[in-house]
Amino acid sequence: MAVDAAVIQQHLIDPEICIRCNTCEATCPVGAITHDDRNYVVKADVCNGCMACISPCPTGSIDNWRTMPRVQAYPIEEQLTWDELPPELTPEQLAAAGVNGAAAAAPGQSGPEPAADPEPGSVPFNSAQYGASMPPWSAAHAYTNLYSPKTPTTATVAGNFNCTEAGFDSETHHVVLDFGAMPFPLLEGQSVGIVPPGQDALGRPHQPRQYSVASPRNGERPGYNNLSLTVKRVTEDHQGNPVRGICSNYVCDLKVGDTVQVVGPFGSSFLMPNHPRSHIVMVCTGTGSAPMRAMTEWRRRLRNSGKFEGGKLMLFFGARTQQELPYFGPLQNLPKDFIDIHLAFSRTPGQPKKYVQDLMRERAADLAALLQDGASHFYVCGLKSMEQGVVLALRDIATGAGQDWEGIAATLKREGRLHLETY
Ligand SMILES: Cc1cc2nc3c(=O)[nH]c(=O)nc-3n(C[C@H](O)[C@H](O)[C@H](O)COP(=O)(O)OP(=O)(O)OC[C@H]3O[C@@H](n4cnc5c(N)ncnc54)[C@H](O)[C@@H]3O)c2cc1C
Ligand code: SF4
Ligand code: SF4
């Protein structure tokens, strides 16, 4: 019996399929996932098999388990060197380790004990826990993982222009990719992976980078098999040091007629509601506007068709300056009775810093009413650093209106009505 207790289902990530998007690391409630420049890995002594990371993973590479004697569990130092997953141990190898083949527990059953709950009041605010992993009930069916890094498809660049008024260092490009006759069904809120050509410092092909789709389901140009992306040219890292982002610069420099390797589609929960009178509250910064553009444009097309009665659309959109805000010009042309737009700029010379959460607090009364309305759907997308402030603003707006935030948040999550996608 002692031997059985020493057997675990070790949780592993497939390095061949993983697109290094960080979603699992951001989701794991106990910090069991970590990464380096090469791989994402799971700490066997921390993972409790709660499965919270499984459904948000866009590729399915997270869902790998190996029956292992606990003492032989692969350490993260070894996992970080892998280019592929090791095979299952054979019955003979398990027997040699003193393991009865029938003793393997279900994922998590013989993992470590979950960490004890901290003292009440000492829990740090974890915004990621509020994000839903279910789509709204009226979302359309999303196709995912039709093309993997081993079997990418080819798209042709049909357009590429700077969609900001900013210069090279802060520019964001609107890029249109055409799939010709190749199937690539997409919904608003999904993303694709772009495989940059060339190799990394270790001589391996570059990993794909993920980009949210900025066009609606029937194409950037209605009826065409194309999509658009909103790609920021990365010229400095998150600490502000100069760097040349591999994929973002590759995409921003593409010329019309160039071909690109594409994987995906990814994402099955950050999807828009399709029922009449459903409200959509969108909170984004920078390129986090891509899925919001897709949803807004789909609603605009439906409205123009005269066959769909939409609910409220509210957009809170932030950037450092107006010049860096993607699609600033086109946004001004949307009818006021169609979408309620609030822009926040954090680095306008001579102006106080404004963030999206500040604007949300200014509209607290409207947002409080929407939080209590079962037809409301909330979407947050942008850099990781914005997520906590936005969820805290929602919490404060709810409590300020005398609402039970934890109850509302649990309902929003259960019903797939609060989605967080930050990177
Ligand atoms: C779900 C998801 C959706 C995404 N959608 C979009 C999108 O719509 N548009 C978009 O432009 N990007 C998006 N990204 C980010 C994108 O996948 C890449 O991470 C980004 O383009 C940088 O890749 P790179 O190859 O240019 O930089 P790399 O060569 O991978 O990195 C270079 C350096 O820059 C840092 N860095 C990475 N990303 C950024 C960033 N965004 N800002 C500042 N520094 C960074 C890295 O930490 C590294 O130090 C998304 C990511 C995820 C996970
Ligand atoms: S199964 Fe749970 S504990 Fe393990 S890595 Fe995934 S989210 Fe973390
Ligand atoms: S693809 Fe899946 S396993 Fe890889 S980093 Fe993203 S969420 Fe994690």
Side-chain angles (χ1 to χ4, degrees), residues 9-35 37 39-44 46-65 107-108 111-112 114-115 128 133 145 149 170-175 189-196 200-201 206-214 228-252 263-264 266-267 270 284-294 326 381-385 420-423:
Q9 281 286 310
Q10 185 172 3
H11 187 187
L12 299 172
I13 293 174
D14 187 340
E16 287 188 283
I17 305 175
C18 170
I19 57 166
R20 282 77 176 164
C21 68
N22 200 55
T23 306
C24 52
E25 192 173 321
T27 306
C28 177
V30 296
I33 299 178
T34 184
H35 72 278
D37 285 348
N39 284 340
Y40 274 73
V41 297
V42 186
K43 298 173 194 167
V46 181
C47 172
N48 60 30
C50 72
M51 311 301 261
C53 59
I54 304 300
S55 131
C57 170
T59 61
S61 47
I62 192 91
D63 199 8
N64 284 281
W65 307 83
S133 54
N145 293 312
S170 299
E171 67 185 10
T172 296
H173 277 233
H174 182 74
V175 182
Q190 287 195 287
S191 56
V192 302
I194 300 289
V195 191
D200 63 18
H206 284 304
Q207 296 295 337
R209 287 3 179 224
Q210 214 174 339
Y211 295 97
S212 304
V213 173
S228 63
L229 305 176
T230 312
V231 179
K232 170 144 181 39
R233 187 188 288 282
V234 171
T235 55
E236 54 182 41
D237 64 16
H238 294 294
Q239 288 72 44
N241 305 310
V243 71
R244 187 179 163 82
I246 304 278
C247 193
S248 59
N249 281 277
Y250 162 67
V251 174
C252 288
V263 300
F266 301 125
F270 194 110
C284 60
T285 53
T287 56
S289 56
M292 314 314 186
R293 179 184 184 271
C381 189
L383 287 182
K384 179 108 309 242
S385 50
L420 309 174
E421 186 159 276
T422 54
Y423 42 84

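Atoms within a ligand are numbered from 1 in the order they appear, just like the ligands themselves. All residue numbers in this chain count up from 1 along the given sequence. The figures that follow rest on heavy atoms only: side chains count, while hydrogens, waters and symmetry mates do not.
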**Message:** The test is side-chain contact (heavy atoms from CB on, under 4.5 Å); show your working for Gln207 and Cys247 and say whether it passes.
**Reply:** CA-CA 9 Å; Gln207 296 295 337; Cys247 193; over 6 Å; no
**Request:** Give the atoms of ligand 3, by number and element, whose distance to some non-hydrogen atom of Thr23 is under 4.0 Å.
**Result:** 7 (S)
**Item:** Sub-4.5 Å side-chain heavy-atom contact between Val42 and Ile13
**Value:** yes
**Item:** Subset of ligand 2 atoms that lie under 4.0 Å from at least one heavy atom of Val30
**Value:** 3 (S)
**Request:** If you have a sec, work out which protein heavy atom is nearest atom 2 (Fe) of ligand 3 and how many Å separate them, to one decimal?
**Result:** Cys57 SG, 2.4 Å
**Prompt:** Taking only heavy atoms of Pro29, which atoms of ligand 2 are found under 4.0 Å from at least one of them?
**Reply:** 7 (S)
**Prompt:** When you look for heavy atoms under 4.0 Å from ligand 3, do you find them on the side chain of His35, its backbone, both, or neither?
**Reply:** neither
**Request:** For atom 7 (S) of ligand 3, find the nearest protein heavy atom and state the residue, atom name and distance (0.1 Å precision).
**Result:** Cys24 N, 3.4 Å
**Prompt:** Run the side-chain contact (heavy atoms from CB on, under 4.5 Å) check on Tyr423 and Leu383 step by step: do they pass?
**Reply:** CA-CA 5 Å; Tyr423 42 84; Leu383 287 182; 4.3 Å; yes
**Asked** Are His173 and Glu171 linked by a side-chain donor-acceptor pair shorter than 3.5 Å?
**Response** yes
**Message:** On a heavy-atom basis, I'd like to know which of Arg293, Arg20, Lys232 is closest to atom 11 (O) of ligand 1.
**Reply:** Lys232
**Asked** What do you reckon, does Cys247 have a nitrogen or oxygen under 3.5 Å from a nitrogen or oxygen of ligand 1?
**Response** yes
**Prompt:** Nearest protein heavy-atom contact for atom 20 (C) of ligand 1: which residue, which atom, what distance?
**Reply:** Tyr211 OH, 3.8 Å
**Request:** Answer yes or no: does an N/O atom from Ser248 fall short of 3.5 Å to an N/O atom of ligand 1?
**Result:** yes
**Item:** Check: Gln239 main-chain N/O paired with Asp237 side-chain donor or acceptor under 3.5 Å
**Value:** yes
**Residues, nucleotides or ligands: over 12 heavy atoms within 6.0 Å of Asn241 CG** = yes
**Prompt:** Counting each atom of ligand 1 from 1 as listed, which ones have a heavy atom of Cys21 under 4.0 Å away?
**Reply:** 53 (C)
**Request:** Taking the side chain as every heavy atom from C-beta outward, state whether Pro208 and Pro149 have any atom pair closer than 4.5 Å.
**Result:** yes
**Message:** Is the shortest side-chain heavy-atom distance between Ser212 and Phe270 below 4.5 Å?
**Reply:** no
**Prompt:** Is there a side-chain contact (heavy atoms from CB on, under 4.5 Å) between Val243 and Thr235 once you walk through the steps?
**Reply:** CA-CA 5 Å; Val243 71; Thr235 55; over 6 Å; no
**Message:** Tell me the contacting part of Tyr423 for ligand 1: side chain, backbone, both, or neither, using a 4.0 Å heavy-atom threshold, strictly below.
**Reply:** side chain
**Atom pair OG1 (Thr422) and NZ (Lys384), whose distance is rounded to the nearest 0.5 Å** = 3.0 Å
**Asked** Tell me, do Thr230 and Tyr211 make a side-chain contact under 4.5 Å, heavy atoms counted?
**Response** no
**Proximal atoms of ligand 2 relative to His11 (non-hydrogen, under 4.0 Å)** = 1 (S), 4 (Fe), 5 (S), 6 (Fe)
**Item:** Numbered atoms of ligand 1 (with element) below 4.0 Å of Glu236, judged on heavy atoms
**Value:** 43 (C), 44 (N)
**Those atoms of ligand 1 less than 4.0 Å from some heavy atom in Val231** = 11 (O)
**Prompt:** Nearest protein heavy-atom contact for atom 8 (O) of ligand 1: which residue, which atom, what distance?
**Reply:** Ser212 N, 3.2 Å
**Asked** Could you walk me through whether Cys57 and Cys24 pass the side-chain contact (heavy atoms from CB on, under 4.5 Å) check?
**Response** CA-CA 6 Å; Cys57 170; Cys24 52; 5.5 Å; no
**Closest protein heavy atom (residue, atom, distance) for atom 4 (Fe) of ligand 2** = Cys47 SG, 2.4 Å
**Message:** Quick check on side-chain hydrogen bond (donor to acceptor under 3.5 Å, both in side chains): which of Asp14, Thr34, Asn22 does Tyr40 satisfy it with?
**Reply:** Asn22
**Item:** For Met51, atoms of ligand 2 separated by under 4.0 Å from a heavy atom
**Value:** 1 (S), 2 (Fe)
**Asked** Between atom CG of Leu12 and atom CD1 of Ile62, what is the distance when rounded to the nearest 0.5 Å?
**Response** 10.0 Å
**Message:** At a threshold of 2.8 Å, where the distance has to be below it, does atom 6 (Fe) of ligand 3 have an N, O or S atom of Cys18 nearby?
**Reply:** no
**Complete:** protein heavy-atom neighbour closest to atom 19 (O) of ligand 1 works out as Arg209 CG, 4.7 Å
**Asked** Can you tell me if Thr27 has a non-hydrogen atom under 4.0 Å from ligand 2?
**Response** no
**Request:** Assess Gly31 for proximity to ligand 2: is some non-hydrogen atom of it under 4.0 Å away?
**Result:** no
**Asked** What atoms of ligand 2 come within less than 4.0 Å of a heavy atom belonging to Ile33?
**Response** 5 (S)
**Prompt:** Can you list the atoms of ligand 3 that are under 4.0 Å from a heavy atom of Thr59?
**Reply:** 1 (S), 2 (Fe)
**Asked** Quick one: which ligand 1 atoms are inside 4.0 Å of a heavy atom on Thr230?
**Response** 7 (C), 8 (O), 9 (N), 10 (C), 11 (O)
**Item:** Asn22 and ligand 3 - part of the residue with a heavy-atom distance under 4.0 Å
**Value:** backbone
**Item:** Gap between atom CH2 of Trp65 and atom NE2 of His11 - 0.5 Å precision
**Value:** 4.0 Å
**Request:** Tell me, please, if Cys50 has any N/O/S atom, main chain or side chain, under 2.8 Å from atom 2 (Fe) of ligand 2?
**Result:** yes
**Request:** Give the contacting part of Ser191 toward ligand 1: side chain, backbone, both or neither, where contact means a heavy-atom distance below 4.0 Å.
**Result:** neither
**Asked** Looking at atom 29 (O) of ligand 1, what's its closest protein heavy atom, distance included?
**Response** Ile246 N, 2.9 Å
**Asked** Quick one: CE on Met292 to OG1 on Thr287, what's the gap to the nearest 0.5 Å?
**Response** 10.5 Å
**Request:** Would you mind running through ligand 3 and noting each atom that sits below 4.0 Å from a heavy atom of Ile13?
**Result:** 3 (S)
**Fill in**
shortest atom 36 (N) of ligand 1-to-protein heavy-atom contact is with His238 NE2, 3.5 Å
**Request:** Any atoms of ligand 1 less than 4.0 Å from a non-hydrogen atom of Glu421? List them with their elements.
**Result:** 1 (C)
**Asked** Is there a side-chain contact between Val30 and Asn48 (heavy atoms, below 4.5 Å)?
**Response** yes
**Message:** Between Gln210 and Cys21 (side chain of the first, backbone of the second, donor and acceptor by atom type, cut-off under 3.5 Å), is there such a pair?
**Reply:** no
**Item:** Distance from atom 48 (C) of ligand 1 to nearest protein heavy atom, with residue and atom
**Value:** Asp237 CB, 4.3 Å
**Asked** Any idea which atoms of ligand 3 are less than 4.0 Å away from a heavy-atom of Ser61?
**Response** 1 (S), 2 (Fe), 3 (S), 4 (Fe)
**Request:** Could you tell me the residue and atom name of the protein heavy atom closest to atom 16 (C) of ligand 1, and the distance to it rounded to 0.1 Å?
**Result:** Gln210 O, 3.3 Å
**Prompt:** Among all protein non-hydrogen atoms, which one is nearest to atom 22 (C) of ligand 1, and what is the separation to 0.1 Å?
**Reply:** Val234 CG2, 3.9 Å
**Asked** Counting only N and O atoms by type, is there a donor-acceptor contact under 3.5 Å from the side chain of Arg20 to the main-chain atoms of Cys18?
**Response** yes
**Message:** Could you check whether any side-chain heavy atom of Arg209 comes within less than 4.5 Å of a side-chain heavy atom of Pro196, counting everything from C-beta outward?
**Reply:** yes
**Complete:** atom 6 (Fe) of ligand 3: closest protein heavy atom, distance to 0.1 Å, is Cys21 SG, 2.3 Å
